[in-house]
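Each ligand, and each atom within it, is numbered from 1 in the order the structure gives.
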Amino acid sequence: MKLPFVESHKIKMVESIKQSSPEERKQWIKKANYNLFNLHSDQVFIDLLTDSGTGAMSDKQWAAMMLGDESYAGASSYFKMKEAIKNILGFDFFLPTHQGRAAENVLFSAMIKDGDLVPGNTHFDTTKGHIEFRKATAVDCTIDEAFDTASENPFKGNIDLNKLEEVLSKNPTEKIPLIIVSVTCNSSGGQPVSMHNLKAISSMAKHYHIPVFFDSARFAENAFFIKTRESGYENKTIKEIVKEMYTYADGMTMSSKKDAIVNMGGFIAFNDEELFKKASVYNIMFEGFLTYGGMSGRDMNALAQGLDEGSEFDYLQTRIGQVAYLGNKLKDMGIPVLLPFGGHAIFVDAKKFLPHLPKEEFIAQTLAVEIYLEGGVRAVEIGTIMADRDPLTRKNRYPDLELIRMAIPRRVYTNSHMDYIATCIFNVFERRDQIIKGYKIISEAPILRHFTVTLAKV
Ligand code: F0G
C-alpha cells in the first residue's frame with residue numbers, strides 16, 4: 001500500500017484552547033459590536049482571522065532567537081537577515097521594517113505622489129490604503145476569471161496584460177511610479193501568479209521603464225503553485241523557482257509574518273541603490289536605524305531562519321496540503337468555496353451561501369458572525385466592509401465578491417481542527433434559510449474601516 005501523506009513536523013510544545021457555549025458567544029459577539037476583531041482571543045476556539053504572525057516557530061527559529069544581537073547598529077542579526085535575503089531572494093539592498101505595511105509606508109513615501117497610478121493585481125487593503133492615503137490610485141488589472149469563484153484557472157492571481165498595457169500606454173510614465181504584483185494575491189483568494197505572467201509583466205514594464213515590485217507576503221506559496229501547476233517547473237526546487245521569480249522584480253515589500261513564519265517583522269528589498277538610499281531616509285524616520293528598522297536582533301535571526309524553512313518543499317506541501325484538506329471537506333459538503341483553493345486560506349462565497357441577503361446588509365460579515373456563533377470559529381470578512389468607501393464619492397464600494405476568509409495559521413492546528421471547522425460551517429449551511437437579516441454600520445473609520453467598524457443587527 002502507498003504510504004499516506006503526513007505532516008513534515010512533530011509537536012514539541014502545546015497551548016490549550018477552550019470551547020465556549022452558544023449563549024456565551026451570543027453575548028460576546030454583541031459586546032464586540034458584531035466586529036470579530038473586537039473579540040478577546042480566549043472567546044475564540046479556533047482562530048482563522050489571519051495567517052499573519054500567527055504561525056508556530058520551529059525549534060531552529062527559537063534557537064536562533066537566543067543568539068540575537070541587540071546592538072543598535074551593525075548587529076550580526078542584521079547581516080544574517082541580509083545574507084538570507086541575498087541567498088534566497090537575490091537582492092543586494094534591503095531595509096528591515098516592523099511589518100509589511102511599514103515597508104509599504106517607507107517605499108511609497110519614496111516613490112508615490114499625488115495623482116499617480118499604481119497598477120497591479122488586486123492590491124491588498126493596506127497597500128491600497130497607503131496608495132490612496134497619498135492621493136494616488138491603485139488600478140486593478142487582475143484577469144477577469146479571478147472574480148468567477150467557480151473558475152478553476154490555476155493562476156487566478158495573474159495580471160491581464162491587455163489591461164496593464166492600457167494603463168501604461170494611455171498615461172504619462174512619470175505618473176506611474178511602480179507596478180505592484182502580489183504573490184500570491186491575497187485579495188483574490190490567495191491565488192498564485194504564474195512564472196509566465198511574471199516574466200511578461202517584467203518585459204512590458206521594462207519597455208515603459210517602470211519598476212516592478214512584488215508584494216511578497218506569500219512568495220513561497222506562490223512558488224509551490226508554480227512547481228505543482230506550471231509546466232517546466234515540476235523538477236525544480238522551491239528555492240530555484242523563488243530565485244527565478246525575483247529576476248522579474250526590481251524590488252519587493254515583505255510582510256514576514258506570513259511566509260517567513262515569524263510573529264512580527266518585514267522588509268523592503270531592492271536592486272537599485274539610489275532608490276534604497278532614498279527610502280533609507282524614511283526608514284530612519286518611521287522605523288528605526290538602517291540595521292534594525294523596527295525589529296529586534298532576535299526577531300531578525302528568527303526571520304532569516306524562517307525564510308529558509310518557509311521555502312522548503314516539504315513544509316509547503318504540509319501547509320498547502322492542510323488548507324486543501326479543509327477545502328475538499330467543504331466542497332464535498334456542498335459549501336460554495338472559491339476554487340482552486342488558495343495557498344493560505346479557504347474562502348467561502350457568501351453571496352452563494354446566503355443568496356437571499358441584500359448586499360447593503362453586508363452578506364459576508366453576516367456569515368462570519370453566524371460561523372462564530374455556531375462553533376467559536378473566527379473567520380474574516382473580505383467584502384463590502386473591507387472594500388471601504390470610494391475616496392471621492394464616499395459611497396460604499398460593493399466588490400464583485402463577498403467572501404469570508406478562513407486563513408490557516410502555519411504549523412498551528414491539526415487536521416482534526418479542520419474537521420471541526422468544516423462541521424461548524426456545514427451546520428450554518430443547513431440553517432442558512434433562517435438567516436434573513438444582516439447588519440448596518442453604526443460607526444466607522446475613514447480608511448481601513450473593517451478593523452474598528454461597529455455594527456448592529458438590521
Ligand atoms: N500584503 C499582503 C499581500 C498581505 O496579505 C498583508 C497582510 C500585507 C501586505 C501587510 O502586511 O500585516 O505585515 O502589515 N495581510 C494580513 C492578512 C494582515 O491577514 O492577510 P502586515
Out of T253, T126, N186, the nearest non-hydrogen contact to atom 5 (O) of ligand 1 is supplied by N186

Of E104, K258, K257, the one whose closest heavy atom lies nearest atom 6 (C) of ligand 1 is K258

(Q) I want to know if ligand 1 touches G100 in the polar sense, i.e. an N/O pair below 3.5 angstrom. (A) yes

Contact region, H130 to ligand 1, non-hydrogen atoms below 4.0 Å, reads neither

| field | Polar contact flag, side-chain donor to acceptor under 3.5 angstrom, T142-T122 | value | yes

Determine, using ring centers only, whether F362 and Y439 are less than 6.0 Å apart. no

Review point. Looking at the rings of F225 and F155, which for Trp means the six-membered one, are their centres under 6.0 Å apart?
Key: no

Exercise for review: Mind telling me whether F429 and F353 have parallel, tilted or perpendicular rings, with 30° and 60° as the class edges?
Suggested key: perpendicular

Open item on the list: Looking only at the aromatic ring of each residue, does the gap between the centers of F91 and F270 stay below 6.0 angstrom?
Closed with: no

When distances are taken from atom 8 (C) of ligand 1, the protein heavy atom at minimum range is F124 CD2, 3.5 Å

Output a table of donor-acceptor pairs, distance under 3.5 Å, between side-chain atoms of residues 283-291 and any protein atom two or more places apart or on a different chain; print 'none' if there are none.
unit_1: N283; atom_1: ND2; unit_2: P96; atom_2: O; d: 3.1
unit_1: E287; atom_1: OE1; unit_2: H98; atom_2: N; d: 2.7
unit_1: E287; atom_1: OE1; unit_2: H98; atom_2: ND1; d: 2.9
unit_1: E287; atom_1: OE2; unit_2: H98; atom_2: ND1; d: 3.2
unit_1: T291; atom_1: OG1; unit_2: Y72; atom_2: O; d: 3.4
unit_1: T291; atom_1: OG1; unit_2: G74; atom_2: N; d: 3.0

Residues passing the side chain to side chain donor-acceptor pair (under 3.5 Å) test with H344, sequence neighbours excluded, are N186

Please check whether R218 reaches ligand 1 - meaning an N/O of the residue sits under 3.5 Å from an N/O of the ligand, judged on distance alone.
yes

Item checked: Contact check: R101 vs ligand 1, nitrogen or oxygen atoms, below 3.5 angstrom -> yes

Residue, atom and distance of the protein heavy atom nearest atom 1 (N) of ligand 1 read D215 OD2, 2.8 Å

Under 4.0 Å between heavy atoms, the region of S182 that gets near ligand 1 turns out to be neither

